[in-house]
Amino acid sequence: MEKLVYIALFAPLVSSLFAALFGMMPKKQFVGVVTSILLGISFVASAILAHYVYTTEEAIKVTLMDWIGAGDLHIPFGFVVDQVSVTMMTVVTLVSTVVHVYSNGYMDHDKSFNRFFSYLSAFVFSMMVLVMSDNFAGLFIGWEGVGVCSWLLIGFWYHKPDVSREENPSISPSWAANEAFIMNRIADLGMLVGLFIVYWNTGSLQYDEVFAQLPHLSGSVLNAAALALFIGAMGKSAQFPLHTWLTDAMEGPTPVSALIHAATMVTAGVFLVIRANPLFSMTPEISYFIAVLGTFVAFFAASMALVNRDLKRIIAFSTLSQLGYMFAAAGLGAYWIALFHLAAHAFFKALLFLGAGNVMHAMDDELDIFKMGGLKKVMKWTYLYMGLASLALAGIPPFAGFFSKDAIIETAFNEGTYILWAILVVTAGMTAFYSFRQVFLTFEGDERYKKYGFHPHEVYRYVLIAMSPLAILAVIAGFFKGSFEAFVTELLPEYHMSEHTHHLAWLLGLVVLAFAVGGIVLAYKKYAKGLKRDEALEATWYYKLLANQYYIPNLYEEFISKPYAMISDIFWNRVDMKIVDATVDGIAKFLYGTGDGARRMQTGNLSNYLNWMAVGAVLLLAVAAISAAIIG
Amino acid sequence: MDNILSVLVFLPALAGLLGFVVNKESARAYGITVAAIEFLLSLWLWVSFDTNNAGMQFVELIPLIPDFGVSYYLGVDGISLFLVVMTTLMTLIGIASMSITENVKNMVVTLLFLEMTMVGVFVALDAIVFYLFWELSLVPMLYIVGAWGGPLRVYAAIKFFLYTFMGSLVMLVGMLFVAYIYHNVTGVWSFAITDWYALVLPIDYQLWLFAAFFLGFAIKVPMFPFHTWLPYAHGQAPTIGSVILAAVLLKMGTYGFVRFSLPMFPDASVMMITPIAVLSIIMVIYTAMVAYAQKDMKQVIAYSSVSHMGIIMIGMFAMNAEGISGSVFQMLSHGIVSGALFMLVGVIYDRRHTKLMSEFGGLAAIMPKYALIFGIMLMASVGLPLTIGFVGEFLVLVGFYEVSPVMTILAGTSIIVGAVYMLSVYKKSFFGPVTKEENKTLKDLTPKELWSFIPLVAIVVWLGVYPKPVLQPIDNSVKAMLAFMDEKAITQEAKDIIKVPHVSAHAREVK
């Protein structure tokens, strides 16, 4: 089994290095094929491992070699394959394989085809390190690794210039890449601090050793560690107020959005909370905070999706919103439900993004859904896929999202946090509305695209086939809820609904369903027949507020980016040059000046010298007299 | 080879003298050959170094002025060993990648002479010998900046020389005073650092001496607010000068702290933790912001160099093995990475004769290899895990967290502000459309340039993935030093803060 662990882990690395060999050459089709096969191998290995863990119920632990050792700190490259990590591995490699195959078609005409696959596989490798590590430092390697790959991939089309848009002061792929990297770095500092707290209080960074020590630690230490680690999680999972990078990350190629910014990397924060559940279970206040923030983000992001016109940004907001759901579940202690939603969401959200990619491909990279409509005639399969994914996202039975999201909402009720419950229910309605607003505006109604001169067409058949595993999983994943629960709760704490909730379960489910169906019906009424713009509504302040993302990107620009640049400039021009350096030069000039002044005494004139001697003698006498007076 | 250290010190100088008779055309090949031999010898030193021995090895001791206890006394331990190896490596790569065309012979001779002084500083165990090499190192650098520099070269060279020289003089006074005390206590004169280590000094002496040495070292590092000579020196120096300056000369300052200040004045060092940490944090944040404001690519790297030295400084005063080992490791990492970054700036300067970022843009499309290597070094500079830059920075921050969580968080902003200016450089220069016509025809790295970078890239990755061969000897010597400092400290406060590591399971296994 050890070999399989290494195969699952290193196949993506080999794939990345292989593609890198051809990175600066023109497109080579075999690069796409070989990398896809290697990713497939990684998936198969992960699946076998999953089966092994499922049947034997034991974790596999391997240690590759030492990494850092100094003082009392010893960090190995160690990996653990247990119920949680194997779930993540399987999900990650499955979605990655699909996305690799898909990218063969999507990046078909890109001149940096090979480079793209190198980055994409490197991302998968980092993600595998992240989920498989048996210690926090290893997790951090993956954590930063996915960050860099995300930077490379968001900025993949780096040649595009910066532009200004109404809701974004400045945007371009390279700008968005830097924003994502820097925002994540802010959170990573929190994460690092979390590691330091853990290390100095438990003497280790290995998960098992750390978790064994937790009962001996004081409440404040636990709270500090949990909070610091969660700050790290907020960056990667784009929770408020570090959320703006995720929608801007849509500047990257769409397969990247599907893989990194929907299915895998952004769930790393949720994964961290799940992985460190022994810690978070012991810090109820922090956990409650996580749940509240998660619920807030779920609603907050959904509200912005309601009015957005950008095909990919709508899905990005919905990802944010669903991450909020996952955090809500994890914060309320239902870790396995969070993990279940994570997996289900990965399938249907990746499918949705890839579908959006098909649309973009057909529409020459146009993203404005107001310019689309009626695409169902030419893109039947994509419509079907996106429709399925949206049904799953909206939580309509029997699709995957119904089972996972419903469980989260039920949890909120079960915990007695009725306000959270109510918000999550309303958000479910909003989710259904914006998802179908998008689907209907894109595929139903009048063919507005004709006016803009687009000639849409369906994508390659093999691309559609490659997407089918995700479609199937989006439909059926929910049926495995019971066995999934049995599998992961061997490691994660069990979570059961109380008797009371259990009795009301059908009613609760019905309420959520009513909201979801209501959202879809509303969207159908408003948008299925075509786009009728309501200008009065669009002129209202709340519509503008939502369309401008609560003006947060502008606020960040005005109150963080610009002042930072301004203060930097002041530091350089005013402080460093005019004060620090001027002082140094001032001292030098003073010394030079006094020397120059003293030089004038050396006139060579004997009577001058005698004068100076007399002055000196008088001064010395005076000093002698004064000191004698003081001492005497 | 019992005299390996003497060979390492004097081979470049002797070869440099002989270099005067080499004819002009072959000067460069001659320089590369000598530097390569020197580098191989330093590798041999590493191979034959006993990594389990934390003390001084390859010791050479010849009395020079017995009446005053001045001797020719050399030795290396885990802390200095790798600085020597890094010095020879960076000199070799520097000479090999040099793009100077005027007076090549003089440059080669100067560099070889400089190499002697640098190696000499790191292996000297006698304060006078140390001081000699320390001051001698200024001369070749003065010449390099003054003769091959930009338009303001004379101002920059003199500023560099006088500023650091002034600091060193105060340090010399400190050294003489230590010897004087040593004479008073023991009745014999000695300038041997190892003898001085045994000296237990009262607190007020420690503080004054700490201050004297501090001035010498801090200007060299350079610590805020003594750093302003550095941007001028870098701004005017030719690429090779900047590479050596950033990679090696600055390390002399931080090395001085580890070699002199910490073991000789443990109590004063502990009392100075907060002031030094505050200065270091200012270095980290303030200079990073100044770096962000720069328009000239080389100035960004110059200020970033100061910012990273702040991390090295703060780690050194963590008073635990994690922090100090991390700090020493970070010296090596900084040497490799900032050296490489200056070389990279040199590449574009050679092509465009400008370093202004506004002149570039979109270079990634035109010079992909150059962009790739710049990208790798950028990531190492911002401390990406699995590159050399992460190991030291992480250990430093871990270590200092034990001393002060708040100050660690402030110093830790290094990972944010560092990313801000580095990514901004990369975006301005490499991303976006190609706007300038001149840039469209730029040539990517030549084989010569490429092969000077490949070893550095290999080291960046190798020591990022597997730092143990380097980190372990460093850690052993640091642990021994900490145990010694703890024993020697006279105040309870210092004994509490200086953390002697347990003999870990790992170390036992090695034995």
Side-chain angles (χ1 to χ4, degrees), chain A residues 23-24 65-74 77 115 137 140-145 147-148 151-152 155 158-162 172-175 177-178 181-182 185-186 188-189 192-193 195-197 199-200 224 564-565 567-573 575-577 579-581 583-585 588, chain B residues 159 162-163 224-225 227-229 286 289-290 292-294 320-322 325-326 329 362 364-365 368-369 372 379 384-386 390-391 394-395 397-399 401-402 405 408-409 412-413 415-416 419-420 423-424 427 430-434 465-468 471-472 474-475 478-479 501-502 504 506:
Chain A
M24 291 170 197
M65 61 183 196
D66 283 340
W67 184 32
I68 295 178
D72 298 327
L73 175 66
H74 290 285
F77 285 112
R115 189 164 61 92
F140 193 72
I141 299 178
W143 197 266
E144 293 287 283
V148 170
W151 177 73
L152 288 168
Y158 56 78
H159 54 268
K160 293 187 184 171
D162 286 2
S172 69
S174 55
W175 190 92
N178 283 5
F181 194 89
I182 291 163
R185 274 270 155 146
I186 295 171
D188 290 347
L189 179 59
L192 273 181
V193 170
L195 301 198
F196 302 157
I197 299 174
Y199 171 63
W200 285 113
Y564 186 85
I567 296 171
S568 298
D569 220 46
I570 291 175
F571 274 172
W572 176 40
N573 285 317
V575 183
D576 218 50
M577 288 292 122
I579 299 177
V580 182
D581 191 44
T583 311
V584 176
D585 279 2
Chain B
K159 189 164 188 164
L162 288 183
Y163 207 156
F224 177 89
H227 65 279
T228 51
W229 61 267
Y286 165 84
M289 291 182 80
V290 176
Y292 180 65
Q294 300 303 310
N320 54 34
E322 286 87 351
S325 298
F329 191 87
K369 290 178 197 158
L372 172 69
M379 285 302 161
L384 182 77
L386 301 191
F390 176 74
V391 180
F394 179 73
L395 285 173
L397 294 174
V398 168
Y401 192 85
E402 202 201 12
T408 306
I409 293 171
T413 54
I415 69 165
I416 303 166
V420 171
L423 292 184
S424 135
K427 178 168 155 37
F430 290 89
F431 290 159
V434 186
V465 175
Y466 194 58
K468 195 175 169 183
L471 195 53
Q472 200 189 332
I474 293 175
D475 194 44
V478 167
K479 279 175 179 162
H502 323 119
S504 59
H506 196 75

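Since this is a predicted model, take the numbers as computed values, not measurements. Letters A, B, ... are given to chains in the order of the sequence lines, protein chains preceding strands, and every chain is numbered from 1. We use all heavy atoms of the structure for the numbers below, so side chains are in, but hydrogens, waters and symmetry mates are not.
- How far CG of B/N320 is from CH2 of A/W200: 4.5 Å, rounded to the nearest 0.5 Å.
- With chain A as partner, the option from B/V398, B/V391, B/V290 having the largest number of non-hydrogen pairs under 4.5 angstrom is B/V398.
- Using a 4.5 Å cut-off between heavy atoms, B/F329 makes no contact with chain A at all.
- The candidate from B/G399, B/G362, B/P467 with the greatest count of non-hydrogen atom pairs under 4.5 Å with chain A is B/P467.
- Counting heavy-atom pairs under 4.5 Å between each of B/W229, B/Y286, B/Y466, B/Y163 and chain A puts B/Y286 at the top.
- Contacts of B/I415 with chain A are made by both backbone and side-chain atoms, with heavy-atom separations under 4.5 Å.
- Heavy atoms of B/T413 lying under 4.5 Å from chain A belong to its backbone as well as its side chain.
- Across every non-hydrogen atom of B/Y292 and A/S568, the tightest pair is CD2-OG, 3.5 Å.
- Among B/I474, B/T408, B/I409, B/L397, the residue making the largest number of heavy-atom pairs under 4.5 Å with chain A is B/L397.
- The shortest non-hydrogen separation linking B/P385 to A/E144 is CD-CB, 3.3 Å.
- Ring pair A/F196/B/Y401 is tilted by interplanar angle, where 30° to 60° counts as tilted.
- The candidate with the highest count of non-hydrogen atom pairs below 4.5 Å against chain B, out of A/H159, A/M577, A/K160, is A/H159.
- When A/W143, A/W151, A/F77 are compared by the number of non-hydrogen pairs under 4.5 Å with chain B, A/W151 comes out ahead.
- Looking at B/V478, there are no atoms closer than 4.5 Å to chain A (heavy atoms on both sides), in backbone or side chain.
- Of the listed residues B/G412, B/G326, B/S325, the one with more heavy-atom pairs under 4.5 angstrom with chain A than any other is B/G412.
- Chain B forms more heavy-atom pairs under 4.5 Å with one residue of A/I197, A/N573, A/I579 than with any other, namely A/I197.
- In this structure, NZ on B/K427 lies 6.5 Å from CG on A/N178, to the nearest 0.5 angstrom.
- Ring geometry for B/F431 versus A/Y158: interplanar angle under 30°, hence parallel rather than tilted (30 to 60°).
- The residue among A/Y199, A/F140, A/Y564, A/F181 with the most heavy atom pairs within less than 4.5 Å of chain B is A/Y564.
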Run the side chain to side chain contact (heavy atoms under 4.5 Å, CB included) test on B/M289 and A/V575 for me, step by step, so that the C-alpha distance in whole Å, both residues' side-chain angles and the decisive distance to 0.1 Å come before the verdict. CA-CA 12 Å; B/M289 291 182 80; A/V575 183; over 6 Å; no
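- The contact between B/K369 and chain A is made by backbone and side chain atoms together, counting heavy-atom distances below 4.5 Å.
- In this structure, CE in B/M379 is found 6.5 Å from CG in A/L152, a value given to the nearest 0.5 Å.
- Ring pair A/W67/B/F390: centre-to-centre distance below 6.0 Å.
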For a side chain to side chain contact (heavy atoms under 4.5 Å, CB included) check, start with the C-alpha distance between B/V465 and A/M65, then their side-chain angles and the critical distance, and finish with the verdict. CA-CA 10 Å; B/V465 175; A/M65 61 183 196; 3.6 Å; yes
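- Between chain B and the residues A/I68, A/V580, A/D576, the most heavy-atom pairs under 4.5 angstrom are made by A/D576.
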